[in-house]
Amino acid sequence: MGEDAGLRVLVVGGGGREHALAWALARSPRVAEVLVAPGNAGTAREPGCRNVAIAAEDLDALLELAEAEDVDLTVVGPEAPLALGIVDLFEAAGRRILGPRRRAAEIESSKVFAKTFMQRHGIPTARFEIASSAERARAVLAEWSPPLVIKADGLAAGKGVIVATSREQAEEAIAHLFGGGLGVPVGRVVIEEFLEGEEASYIVLADGERFLPLPTSQDHKRRDEGDEGPNTGGMGACSPAPAIDAELERRIQERIVLPALRGLAAGRRAFRGFLYAGLMITPAGEPIVLEFNARLGDPEAQALLLRLEGDLAEALLAACEGRLAETTLAWSEEASVVAVLAAGGYPGPARRDDPVLGLDPPEEEGLKIFHAGTRLAEDGRVLSRGGRILGVAARGPTVGAARERVYRRLAGIRCEGAFYRRDIGWRAVLRETAVPLAAGEGE
Ligand code: AMP
Ligand code: GLY
């Protein structure tokens with residue numbers, strides 16, 4: 001496997017993160033072809049990429065594909081196959097794959113494991129209680145005052161976290177979660193203190209022995225402008241994160257990333273792959289972990305990979321083989337922004353099968369459309385598939401400049417009922433913009 005040129009790579013997943021991964025891998029001089037399972041219309045049309053119609057959770061079919069196509073490296077995008085043990089399965093078959101094994105992926109797939117792990121290793125996280133029945137949860141509520149956050153234990157595609165600002169909302173959340181409201185049984189919930197502050201994403205690539213940091217980024221989780229409305233998978237992101245300077249980054253590495261990776265290794269859960277710390281930076285400037293993810297963030301990956309200047313295939317191979325010590329990854333000094341176009345109704349049941357128009361003007365350097373919920377119809381049209389449809393990502397000397405490019409391009413894309421936030425990167429832009437001393441008229 002894996003001679004110097006002509007690598008065959010398989011990317012598992014079909015969202016914006018996976019389009020960005022496939023695009024970045026296809027640009028590596030070492031890569032001959034990128035297979036994407038199942039992919040989307042964007043990966044179907046990406047030079048050097050080919051879609052294969054296998055779902056990301058169909059582990060046996062994915063392994064068969066990797067063997068039949070003699071794939072040299074498999075890269076896993078989403079959390080579900082990791083939690084199902086895709087890495088354990090591929091490794092047992094002697095196939096090279098980047099991602100944490102099932103036990104290491106529990107840092108994301110079990111909130112109860114993640115919280116108790118953080119507590120054991122002194123990693124700063126919100127104060128919490130675990131309740132294994134609705135009755136026990138109500139007893140915790142009686143002693144805590146809102147606002148509170150209630151989280152279902154297993155993977156719930158972002159729908160298992162409820163912020164309750166009143167006791168009634170907290171009661172409803174508990175009835176909803178334990179009453180089967182997620183469509184999957186919930187055995188335990190975490191009840192935790194609500195933290196004020198500014199969120200940031202800190203992602204590293206780990207090989208089990210050491211880690212290579214990616215640039216910082218900031219997601220925008222709420223659906224509506226001004227960070228209002230329901231939580232989503234993420235409506236846009238910018239990189240770098242405005243709240244993290246070099247000194248804070250050092251503290252995040254020392255107090256969060258290192259103890260997490262060392263603690264996982266000590267518990268026979270050595271972590272290989274992308275470890276993502278979802279942080280709240282408190283008003284006092286302290287980083288606190290809201291959650292760990294066992295994968296790249298989406299849409300963060302779109303903004304990050306647009307800044308990548310190094311060879312992604314080489315870095316991912318090195319991470320697989322425990323060779324990160326001899327690897328570096330170069331990143332553009334420029335900032336980047338991605339804004340997501342979502343189908344009407346998202347994050348609830350959303351419109352689908354609408355044509356997506358305006359995708360074809362000539363490519364611009366430093367600007368890229370990453371597809372997510374799209375498919376290629378037989379007649380060659382791109383149709384929406386519900387949820388997040390695509391992300392427009394651009395680089396610029398500042399977040400403000402990158403964001404202007406993003407919105408200029410988005411204005412030319414049309415899809416019935418679809419919407420996007422017009423304020424992605426607003427915190428960064430606020431910090432980039434000079435404030436006049438003179439009061440405006442009427443002051
Ligand atoms: P999680 O899946 O745990 O990251 O939660 C999803 C989102 O809920 C986070 O990105 C935050 O926006 C919000 N959230 C989770 N936990 C807290 C908390 N303790 N305080 C405030 N917001 C939170
Ligand atoms: N954008 C948040 C996530 O990927 O979990």
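Atoms within each ligand, like the ligands themselves, are counted from 1 in listed order.
Counting heavy atoms closer than 4.0 Å to ligand 1, residue Leu195 contributes atoms from both its backbone and its side chain.
Considering only non-hydrogen atoms, atom 18 (C) of ligand 1 lies nearest to Val149 out of Leu279, Val289, Val149, Val163. The closest heavy-atom contact to atom 7 (C) of ligand 1, among the options Leu290, Asp227, Asn231, Asp219, comes from Asn231. Summarising the contacts of atom 3 (O) of ligand 1 with Lys115, Glu199, Lys151, Glu196, the nearest heavy atom is found in Lys151. Nearest-heavy-atom check against atom 1 (P) of ligand 1 across Lys221, Met280, Glu291 picks out Glu291. Atom 5 (O) of ligand 1 has its nearest heavy-atom neighbour, among Val161, Asn293, Ile191, in Val161.
Defined by atom type and a distance below 3.5 Å, a donor-acceptor pair is present between the side-chain atoms of Lys115 and Thr125.
Near Gly297, with a cut-off below 4.0 Å to any heavy atom, the atoms of ligand 2 are 4 (O). Every atom of ligand 2 is numbered from 1 in the order shown, and the set under 4.0 Å from a heavy atom of Gly233 is 1 (N), 2 (C). Atom numbering of ligand 1 starts at 1 in the shown order; those under 4.0 Å from a heavy atom of Glu192 are 16 (N), 17 (C), 18 (C), 19 (N). Those atoms of ligand 2 that come under 4.0 Å of a heavy atom in Asn293, given as number and element, are 5 (O). If you number the atoms of ligand 2 from 1 as listed, the ones under 4.0 Å from a heavy atom of Glu300 come out as 1 (N), 2 (C).
Checking Asp207, Val9, Leu205 one by one against Leu98, the side chain to side chain contact (heavy atoms under 4.5 Å, CB included) holds for a single residue, Leu205. Applying side chain to side chain contact (heavy atoms under 4.5 Å, CB included) to Glu225 and the options Met235, His220, Arg421 leaves one that passes, Arg421. Among the candidates Arg395, Arg307, Glu300, Glu334, the single residue satisfying the side chain to side chain contact (heavy atoms under 4.5 Å, CB included) test with Ser239 is Arg307. Results of the salt bridge (Lys or Arg N to Asp or Glu O under 4.0 Å) test with Glu192 over Lys111, Arg127, Lys151 single out Lys151 as the only residue that passes.
Under a 4.0 Å heavy-atom criterion, Arg295 is in contact with ligand 2. Put simply, no part of Gly234 is less than 4.0 Å from ligand 2, judged by heavy atoms. In this structure, Glu193 is part of the shell of residues with a heavy atom less than 4.0 angstrom from ligand 1. Lys111 counts as a contact of ligand 1, since one of its heavy atoms falls under 4.0 Å from the ligand.
Taking the six-membered ring where the residue is Trp, Tyr420 and Tyr407 present parallel rings, their angle staying beneath 30° rather than reaching 60°.
Heavy-atom minimum distance, Gly77 versus Glu18: CA-OE2, 3.1 Å.
Ion pairing between Arg375 and Asp353 holds under the 4.0 Å rule for side-chain N and carboxylate O.
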- Task: Dump the intermediate steps for side chain to side chain contact (heavy atoms under 4.5 Å, CB included) on Met118 and Phe128, then the final yes or no.
- Result: CA-CA 11 Å; Met118 287 189 263; Phe128 70 100; over 6 Å; no
- Item | Full working for side chain to side chain contact (heavy atoms under 4.5 Å, CB included) between Ile252 and Leu279 | CA-CA 9 Å; Ile252 292 167; Leu279 304 173; 3.6 Å; yes
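By the 3.5 Å distance cut-off applied to N or O atoms, Asp219 is counted among the residues near ligand 2.
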